[in-house]
Each structure stands twice: as C-alpha cells, then as structure tokens.
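One-based numbering, in listed order, for ligands and for the atoms of each. Quick note: numbers below take in every heavy atom, side chains included, and nothing from hydrogens, waters or symmetry partners. Numbers here are sequence positions counted from 1.
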Amino acid sequence: MSELEALHEQIRVCPLCRLSESRKHAVPGDGSPNAAIMLVGEAPGFHENEQGRPFVGAAGRFLEQLLASINLSRDQVFITNIVKCRPPDNRDPRQDEIEACSGYLERQIELVAPKLIVTLGRFSMQLAYQGVTISKVHGQPKRVDDIVYLPMFHPAAALHQSRYRSLIEQDFAKIPEILSGLQSVGNGSGGETPPEQLSLF
Ligand code: URA
C-alpha cells in the first residue's frame, strides 16, 4: 500500500473531530497520486458522504465539465477537500474542524506534490490568501514556496447564481497557461522561462 493510500485509510477511521460522529463515509480524496494539479474544495456534501468520493453530486458534474474544457479528466488531477467529513445539513465547516483536519491535507500535498493547487471556494482560498474576499482575488495565481495557488469561486456557487458561472469558466481557462509556465521552469531542457519572467505571479 502506498503512503497516500495508507493516509486515506487513516482518514476513513479518523476520530479527531465531531464530524466523525455524524458521517457515513469520510471522503479522503481521489485522482492521480502524481497529479500536477490538485483541486481543493470545502467539504463533502450529501452524495459524497454516501459514496466516500469527492465532488460526485451536481457541483461535481460541473467540475468535470470545467476540467473537460481544458482537456482534463478527473483521474488526471487530484481532488480533495479542506475537511474530509460532511458537516451536518451542509453547514460551513467550523474552525476547530478545519484545524483538526489540516494535517491530512498537508500530508496529501507533500505526497502528491502538485505544482498547482486550485482552491474552490472561500475556505480553501485561505491556504494562500488570508484577510481578503474571494471576489477580489479569484483567478489570481499566487506562489507560496514551491506551489502556485489559483483561487476560484466554488462550482456550487455557479449552480445557484449564473453570474459566477462565467467567472469560474474564465478562471479555469487560465490553468493550461499557468501550468505550462510552471513546467518550463527548471526542467533542465534549456530555454526555460526564468522565474522572474513569469509575470503571472
Ligand atoms: N462540495 C465540496 O466542496 N466538496 C465536495 O466534495 C462536494 C461538494
């Protein structure tokens, strides 16, 4: 069993916060264990809690369309959430629940080692941006250590309010260019783009 699979087994039986009492299935995350892109949502909802997989409801279908729009499928990326168990009635995750779960996400990031983390919604946005609103920073890549974070509205927001739909689509369309800029830095092939010329960041 890989270290990532072992971590996911640990998450499935996690007792660290109150959400473990009401969950049906914890939702560690899934996708490619070597993905260059990781997508981090908020928390499992009804369908995710039933199936133990992230983004399998209506928001997930929209996310799959967004991925397809840049020629990606969900098994080419890694998808997870800030908290791994469903908050009752889909309420917002609480600060102590986010903190209890944070070590799991940190370890997933170490093990998958993505180049780009797309944060979906205001909770995961805080991995890179604090003290700002998502309306101000969505679509703006930010490098933190070796990883570039790209904040976006949550796909569920687009299902409820159509004005978010085109914003998410526009932000998603930036991914290929950001990724190709990152992959050309220091890949040893010569002719790389020096980091200082990556004006995106
Ligand atoms: N919304 C999320 O943030 N995560 C899921 O897994 C499903 C819906």
Is [X] salt-bridged to [Y], cutoff N-O under 4.0 Å?
X	Y	result
E97	R18	yes
E110	R107	yes
K24	E50	yes

Short list, please: which atoms of ligand 1 are under 4.0 Å from a heavy atom of P54? 6 (O)

Output the list of atoms in ligand 1 that are nearer than 4.0 Å to some heavy atom of E42, sorted by atom number. 2 (C), 3 (O)

Identity and separation of the nearest protein heavy atom to atom 4 (N) of ligand 1: N81 OD1, 2.7 Å

N or O contact, F55 vs ligand 1, cut-off under 3.5 Å: yes

Heavy-atom distance to atom 2 (C) of ligand 1: which of A43, G41, P155 wins? A43

Which bit of E48 gets closer than 4.0 Å to ligand 1, counting heavy atoms only: side chain, backbone, both or neither?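 Within the 4.0 Å criterion, E48 contacts ligand 1 through side-chain atoms alone.
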
Under a 3.5 Å distance rule, please check whether K115 uses its side chain to pair with a backbone N or O of A36 as donor and acceptor.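 Answer holds: no.
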
Report yes or no: does a heavy atom of H154 sit under 4.0 Å from some atom of ligand 1? yes

Walk me through whether L116 and I147 qualify under side-chain contact (heavy atoms from CB on, under 4.5 Å). CA-CA 6 Å; L116 175 67; I147 300 178; over 6 Å; no

Criterion side chain to side chain donor-acceptor pair (under 3.5 Å) against H8, the qualifying member of E3, Q108, K84: Q108

